[in-house]
Structures are given as structure tokens and as C-alpha cells.
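To find a chain, count down the sequence lines: A is the first, B the second, and so on, and within it residues start at 1.
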2 protein chains.
Amino acid sequence: MKNYTLEEAKGILLKDFNIDLHEHIAIFQSVINHVTVSIFDNRDHIVRASDTITRLHILLYGTAKISLTHEDGGSSIIYFLKPNEMIGELTLLGIEQNPKDVIAIGKCICLSIPMDIAEITLLHDPQFLLAVSRYIGTKLLDRTWFSVKQQHYSLKPRLAAHILLCACDGLYNEKHTQTAEYLAVSYRHLLHTFRELREEGLITKEKKGYSFNRESLEQLASQLD
Amino acid sequence: MKNYTLEEAKGILLKDFNIDLHEHIAIFQSVINHVTVSIFDNRDHIVRASDTITRLHILLYGTAKISLTHEDGGSSIIYFLKPNEMIGELTLLGIEQNPKDVIAIGKCICLSIPMDIAEITLLHDPQFLLAVSRYIGTKLLDRTWFSVKQQHYSLKPRLAAHILLCACDGLYNEKHTQTAEYLAVSYRHLLHTFRELREEGLITKEKKGYSFNRESLEQLASQLD
DNA sequence: TCCAAAATGTGAGATATCTCATATTTTAGT
DNA sequence: ACTAAAATATGAGATATCTCACATTTTGGA
């Protein structure tokens, strides 16, 4: 993990990642001179469950996972974070009881400000508060939909939806281990279901991932709506 | 369902339900002259998924369930609402895409104000916005914990936790049909698990519900933490 | 008080999913 | 280029949970 000032970061971000910072810092406008930029590598902890959370982040680039380790040693992926999502907002609000691990999947870039600065400014800023309400509310709805579907339908249609969701240029290419944790099934069972989809001709294994028959997958996934 | 003005309601609430309104209207102070009180009977719809939502409610008394009907005809209980919880706040924030049914379980009493009044006042009130952020954030954490546990552990320990949570004066007395929907298992399987708990001596059927060995249930449920 | 609807209860067989053991292939770091 | 770790893959048997069919009991209204 490397840290940069906003000034240092501007050049790097624009050159190497084609990110224009101006689009992203609106929400931090009132605390702009406290903003720094951090670049994380694959598997770096952005937040460690066991540590005190000292900064409020916004993910600019990359994907991160929030995950939780159970008493029995197993773990669950709770959420995949995508660009423009916040990290630490529930701690800022003073309601997070059981912090979770946030881990970079591939390279990740975050804006961040110190938590104590956020507390004395953002918590009184109606614009920020409305934005954060909407953000958390949307997550609540997403999570509700996801978990209701998860508990009501078997893996096959959920996997179909997941493949469609993750596919990039018509190719699904996620790690089965991650998918199994996210869909909360055993690795073995996930593989079994992948085979079913293959045998039914809905997906085909290629060198770089799985290609698929979009219409058939969509039809399978449509029962979730 | 019956509606009352705040003035009309004061007497009824204090006399019949021992509710002192003053404790509850703080959050609506700025729109106090638009507040009305509604009393719902068992199985009344407080909100109907198919209708436009025109009021923002706060539940004062009773229990209500939020539930959703699946494409395949089955249904899931998403959440049990308890006193001091809001109904319609996600609609107020403009982010609710798929409204759900909210149904009274037994008698329910709500404060409410028209949604359009809420939009022009509460959405700019930092105190309200902070309160609503915390409220929704807490729900997000509850729901996350619940669904992660739900998908990772079998019914037995979850049922133990549920019995402890619902028990009143050492007696569990919920409808099995409701419990099955909430814990997202078939009625048949729920009964099967109840029998297991009975045969292992953790619970005992009484005339008015189930009594239980608290320590044993707590030990069973403790693996969820 | 009576009836219809809801809730409770049980059996049997089907299916989804898990656990564990083990082998091969791919990936990342030095 | 080599090696250890991670990811992929498969089989076999166990378990959790579901579906359906059916009988009995309780409950809420007219």
C-alpha cells in the first residue's frame, strides 16, 4: 500500500489509470485539504477487522470485498465494493459494532480523509447526510433483494444471474473460490452446478473463461425477478 | 383501519394503551401540525405493495411484518417492524424500486405525515437526516448479520436464537407459519426441527406455548456469534 | 354457536447441498 | 525457471431441506 497527497496523485491517476479526480471529490469538497490517495495491491487489507478504523474511504478504482470470518472458521463474502462506494461510513455514523475485513481484489485506489475530520464536518452537512442516507438505503435494498432471493431459490438460477452480472465482453472469468463464498455455497456444489450448466449447453469453457448463451441464461435467471 | 387527529388520539392512546405521545413525536416536531394517528387491526395492510405510498409512518405500538411475494407464488417475510421503526423512509429518499407489503400482526398504531410534506421539510433537516442515516444503517447491519448467519448455519441454532429472541416471560408463542417464512424454511422442516428440540429436552410444549431450557438454547445459539 | 379458514402435525420419498478425500493444473513470488 | 500456494476438478456418501399428500385441531367471524 502506498500513500500520496492529492497533488502527487493527480498526475499518476490521470496518466496510469485515466482517472480524473475532479469528478470524484465533490462529496469531500468541504474537507478537500485533508484528502489523500492510497493505492493498494491485490490482497492488501484496506480495512482490518481487528484494527480501529481511522479513515473514511471512497473507492475510486478496482474491486474490493468485504468479508467476515465465522466462529467455525468458515468465511462469507458479504459484499463486493465497486468504484464510488464508501468504506467506513457506518463507523462514521457510530453504529458499526462488528467491523469486517475489506480486502483489495487486484489493484485498488481510494480517496480518504481522517475519521475525526469527517466527524466534525460531514456529520453536520445536510448534502453529505442526504447522499449517505441514499447510499446506505440503496445498499440495504440491494442486500435485501439478494438475500431474499438467495434463500428462496436454488443455486442454479442464482449462478446464472451471477454469471450475467460479472460477465465482461461476453466472457465470465471469476475465481470459483470467490464465487462460492459470495453465493454462500460449497466449492464442491458450485463446481457441480457449473457442470450442469455446461452439460445443458448454457455455458462453454474457453481458454480465458466461460462463454455463454445469453438468452438461455437470462431465461434461467428471470425467475428471480 | 381508523384515523384520528393528534388531539383525538391523545386521550385514546393514553387511556387504552398507556402511550404518551410526547415521547414519540420528537422526530416530527418540525411538521407537528400535519401528524395524524392511525390504528390498524390484525392483518390490515399498513402499506400495500401495489399502491403509491403517500405517507411516512412511525410505528408506535404493535408488530408489523414486511413481506414480499415471489414470482413462483411463495412469500418471504423480510423484516419484523417493532415500535419506533419507520415505514416509507426509503420511498421518501427516492430509492425504493420495489415496494413491499407491510401488514399488521395484531393491533398496530402509527403516527404519520403526508409524504409531500416530508419531502419539502425533513429532507433538508440535518437532525432528521442523521437520525435516518443511523436508522437505515442499523437495519443494514442487522440484515447483513441475519442473512450471513442464515446462509451459513443450519436451522437448528437459528431456531434456538429465534426462540430466545421472541420469548416473552420464558414462553415462546409465535405462529409456526410465520416463523417458517421468516427463517426461510419449509413449514415441514420447521416442525421437524421443533420435534428434535423437544426430543432433546431443550423445549417443552405447554398449553400456551413452549417453555425452554434457556442455558441449553443459548449454548446452541452461541455458535452464531 | 357454528362454520370455514388457518394453523398444527406426521409420513415418505425426492433433491439440494455439504463434507471429506484426493489428484491435477495454474499462478505468483523469488 | 522453480517452487509453494492457490485454484481447479472429481467421486462417494452423509445430511439438511423440500414437496406433496393427508389428518386433526384451533381460531376468528357471522
Tabulate protein N/O versus nucleotide N/O from nucleotides 2-4 of chain D, keeping only pairs under 3.5 Å, one per line.
none

Between the protein and nucleotides 24-27 of chain C, are there any N/O to N/O pairs under 3.5 Å, and if so, what are the atom names and distances?
none

List every contact pair, protein side and nucleotides 13-22 of chain C side both N or O, where the distance is under 3.5 Å.
residue	atom	partner	partner atom	Å
C/dT17	OP1	A/Leu155	N	3.4
C/dT17	OP2	A/Leu155	N	3.2
C/dT17	OP2	A/His189	NE2	2.9
C/dT17	O5'	A/His189	NE2	3.2
C/dC18	OP2	A/Ser186	N	2.7
C/dC18	OP2	A/Ser186	OG	3.0

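Listed by first and then second residue, the ring-ring contact (aromatic ring centres under 6.0 Å, His included) pairs involving residues 37-65 of chain B are B/Phe17-B/Tyr61 (not counting sequence neighbours). Contacts classified as ring-ring contact (aromatic ring centres under 6.0 Å, His included) and involving residues 146-165 of chain B (residues at least two apart or in different chains) are given here: A/His70-B/His152, A/His70-B/Tyr153, B/Phe146-B/Tyr182, B/His162-B/Tyr182. Screening residues 214-225 of chain A for side-chain hydrogen bond (donor to acceptor under 3.5 Å, both in side chains) gives A/Asn213-A/Ser216 as the qualifying pairs, with residues at least two apart or on separate chains.
For B/Glu206, there are no salt bridge (charged side-chain N to carboxylate O under 4.0 Å, His left out) partners two or more places apart in sequence or in a different chain. Remark: B/Lys149 engages no residue in a side chain to side chain donor-acceptor pair (under 3.5 Å) (not counting sequence neighbours). Take A/His34 and apply the ring-ring contact (aromatic ring centres under 6.0 Å, His included) test, not counting sequence neighbours, and it matches no residue. Legend: residues meeting side chain to side chain donor-acceptor pair (under 3.5 Å) with B/Lys156, ordered by chain and number and at least two apart, are B/Glu196, B/Glu200. Every side chain to side chain donor-acceptor pair (under 3.5 Å) that A/Asn3 has, sequence neighbours left out, goes to A/Ser38.
Put simply, CZ on B/Phe194 is 13 Å from P on C/dT10, counting in whole angstrom units. Rounded to a whole Å, the NZ atom of B/Lys207 is 18 Å from the P atom of D/dT25. Rounded to an integer number of Å, the gap from A/Gln178 CD to D/dA6 P is 13 Å. Here C/dT8 presents its P atom at 17 Å from NZ of B/Lys208, a figure rounded to the nearest Å. When the C1' atom of D/dG11 is taken as reference, atom CZ of A/Arg195 falls 9 Å away, rounded to whole Å.
Residues from residues 217-225 of chain B that place a heavy atom under 4.0 Å from any atom of DNA chain D: there are none.
A 4.5 Å side-chain heavy-atom check between A/Ile103 and A/Ile46 finds every atom pair outside the cut-off.
Atom CG in B/Leu90 sits 11.5 Å away from atom CG in B/Asn98 (nearest 0.5 Å).
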